[in-house]
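Here is the structure we will look at.
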Number of protein chains: 2
Amino acid sequence: MTDLSLMLNVNMLEEKIIEKNIAVICDCPITAAIGIVGGKWKPVIIWILIDGSRRFGELHKTIPGIALKVLSRHLKELEADGIITRKVYAEVPPRVEYALTEKGRSLNDVMQLFADWGRKNIINA
Amino acid sequence: MTDLSLMLNVNMLEEKIIEKNIAVICDCPITAAIGIVGGKWKPVIIWILIDGSRRFGELHKTIPGIALKVLSRHLKELEADGIITRKVYAEVPPRVEYALTEKGRSLNDVMQLFADWGRKNIINA
DNA sequence: CTGTATCCCGGCTGATACTG
DNA sequence: CAGTATCAGCCGGGATACAG
């Protein structure tokens, strides 16, 4: 399982790289996954959305320090990669809700484990 | 568990931020963990080292595209954060072995889960 | 409210040369 | 072999201002 020989062959991955236009350099699933959720803020966005859908402004307030432009682009990319959905309500003032897709929710276990590791090894280090 | 209320309080985290000089902006364990293993190449380095210790040159060859400078810095940072060890052999030619620490190996489960997710959702998407 | 446009800057990359 | 030094260029992120 931890054997490098289990890494996917380059050709298989290259198809997906071209197809999905993902920047993958190393032929391993870790790098591939990072291409999707590897942005500086994407894991945080997903982590927040696990708790339920959020509006654009809520996300901006919840994540201190993120630039509007970056938040906007990350949300677009996550939507394009099928991780989140974007629902626009034709109201005044406008309202936009972001939520995880099934694929996005499948990241739940990873995120929980990752968060657990963070608590144990950083906070209580 | 997915409740934001479970996020750690800011003060607790700030101590560690100052102490460890980690760039953490959002007060959640996810962001904290990203401060450690969130570099563009760090997860890949860890993923490779799970398979066993590697020399500097091996890492460089195994990760196509990474700049020597960046690999060098990432290794230093991972060592400083207690994720990997650096053992120098006084030989000619010199040899340097990088390996995971106990703390680094504790990332195994996360990495495996992350890799599994990558295989399922990107390769077979 | 929900973004986009703009400018700026630091970081990553890439190549090469050089040290121990 | 295992890095560091240097210079170059590009890309992404950050802050502010503005638009629908």
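Proteins get letters first, then strands, A, B, ... in listed order; numbering begins at 1 in each. What you see is a predicted model, and the numbers here were worked out from it, not measured in a lab.
- There is a side-chain donor-acceptor pair under 3.5 Å between B/Asn108 and B/Gln112.
- Across the protein-nucleic acid pair, A/His60 atom NE2 and D/dT16 atom C1' stand 12 Å apart, rounded to whole Å.
- Note on B/Tyr89: nothing from the nucleic acid sits closer than 4.0 angstrom, heavy atoms only.
- With DNA chain D read from its 5' end, the first of the two nearest nucleotides for A/Gly39 and A/Pro94 is the one closest to A/Gly39.
- A close approach under 4.0 Å does occur between a side-chain nitrogen or oxygen of B/Trp41 and OP1 or OP2 of C/dT13.
- Of the candidates C/dT13, D/dG3, C/dC1, C/dC1 carries the atom nearest the A/Pro93 side chain, counting heavy atoms from C-beta on.
- Closest approach of B/Lys103 and B/Gly82 over heavy atoms only: CB-O, 3.5 Å.
- Side chain of A/Arg105 to main chain of A/Leu100: a donor-acceptor pair is present (N/O by atom type, distance under 3.5 Å, no hydrogens or angles).
- To the nearest 0.5 Å, the span separating CD1 on B/Ile45 from CD on B/Glu77 amounts to 9.5 Å.
- Summarising the geometry, the separation between CD on B/Glu97 and P on D/dG3 is reported as 11 Å, rounded to the nearest angstrom.
- A distance of 4.0 Å separates CD1 of A/Ile48 from CD1 of A/Ile63, quoted to the nearest 0.5 Å.
- Note on the helix from C/dC1-D/dG20 to C/dG20-D/dC1: terminal axis deviation equals 40°, with five pairs used at each end and the result rounded to 10°.
- For D/dC1, the OP1/OP2 oxygens have no side-chain nitrogen or oxygen of B/Arg55 closer than 4.0 Å.
- Using modelled atom types, no side-chain atom of A/Ser72 and backbone atom of A/Leu68 make a donor-acceptor pair closer than 3.5 Å.
- When hydrophobic clusters are built by joining Ile, Leu, Val, Met, Phe, Trp and Tyr residues whose side-chain heavy atoms come closer than 4.5 Å, directly or via intermediates, A/Leu59 is grouped together with A/Val88.
- The CZ atom of B/Phe56 sits 18 Å away from the P atom of C/dG20 (whole-angstrom rounding).
- Of the candidates C/dG3, C/dC1, D/dT4, the closest approach to any side-chain atom of B/Leu68 belongs to D/dT4.
- Atoms OH (A/Tyr98) and C1' (C/dC1) sit 11 Å apart, rounded to a whole Å.
- In this structure, CD of B/Glu91 is placed 13 Å from P of D/dC1, rounded to the nearest angstrom.
- Remark: B/Lys69, B/Val70, B/Arg73 in residues 69-77 of chain B come within less than 4.0 Å of DNA chain C through at least one heavy atom.
- At least one donor-acceptor pair closer than 3.5 Å links the side chain of B/Thr101 to the backbone N or O of B/Ile83.
- In this entry the distance linking NZ of B/Lys40 with P of D/dC11 reads 11 Å, nearest Å.
- None of B/Arg86, B/Lys87, B/Arg55 except one satisfies the side-chain contact (heavy atoms from CB on, under 4.5 Å) rule with B/Val96; the exception is B/Arg86.
- Between B/Arg86 and D/dG3, a side-chain N or O to OP1/OP2 separation shorter than 4.0 Å is present.
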